[in-house]
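Positions are given from 1 along the sequence. In this text, all values refer to a predicted model and were calculated from it rather than measured experimentally.
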Amino acid sequence: GRRIIFTRDDPTIRSIRPNGTGLRRVAPIDAFTAVYSPNGRLITYQKGPVTHASVLTMRADGYRRKRIFNVSRDLPCCATDLSDLDWQPLPRPRP
């Protein structure tokens with residue numbers, strides 16, 4: 001990819017080029033496990049503590065944030081098992 005996205009100990013999502021240049025603040029959000037979509041247009045991230053976390057997306061420029069689901073409300077069976085987020089391709093329909 002062209003950029004790497006990451007979080008640190010402060011409430012900000014940042015990105016940087018793989019060669020270490022071009023550090024950019026993407027969004028002032030207290031987030032965890034931020035990851036780019038395969039096409040690089042969206043970022044998904046976890047916000048809040050694991051037991052009350054939400055999973056959200058936003059455009060790669062930090063705008064148009066959208067809540068996908070709330071872990072404790074929508075996935076009560078898995079509320080303590082949420083870990084790293086990852087994008088997976090959609091399955092291809094069978095012919």
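The structure places CG of Leu23 at 11.5 Å from CD1 of Ile4, a figure rounded to the nearest 0.5 Å. Remark: Thr12 OG1 to Phe6 CZ distance equals 10.0 Å, nearest 0.5 Å. In this structure, the separation between CZ on Arg8 and CG on Asp10 is 6.0 Å, given to the nearest 0.5 Å. Met58 CE to Arg64 CZ: the interatomic distance, rounded to the nearest 0.5 Å, is 14.0 Å. One finds the CD1 atom of Ile68 at 4.0 Å from the OG1 atom of Thr57 (value rounded to the nearest 0.5 Å). Of the inter-residue distances, the one linking Ile5 atom CD1 with Ile43 atom CD1 reads 3.0 Å to the nearest 0.5 angstrom.
Closest of all the heavy-atom pairs between Arg65 and Pro28 is NH2-CD, 4.0 Å. What you find for Gly40 and Ala60 is that their closest heavy atoms are O-CB, 3.4 Å.
Arg41 and Ser37 form no side-chain donor-acceptor contact under 3.5 Å, judged by distance and modelled atom types alone.
Side-chain heavy atoms closer than 4.5 Å link hydrophobic residues (I, L, V, M, F, W, Y) into clusters, and following such links, possibly through other members, connects Leu42 to Val35.
A side chain to side chain contact (heavy atoms under 4.5 Å, CB included) with Tyr45 is found for exactly one of Val55, Ile13, Thr7, namely Ile13.
Within a 6.0 Å sphere centred on CZ of Arg24, heavy atoms belonging to other residues, nucleotides or ligands number 12 at most.
Under the 3.5 Å distance criterion, the side-chain polar atoms of Arg3 are left unmatched by any main-chain donor or acceptor of Tyr36.
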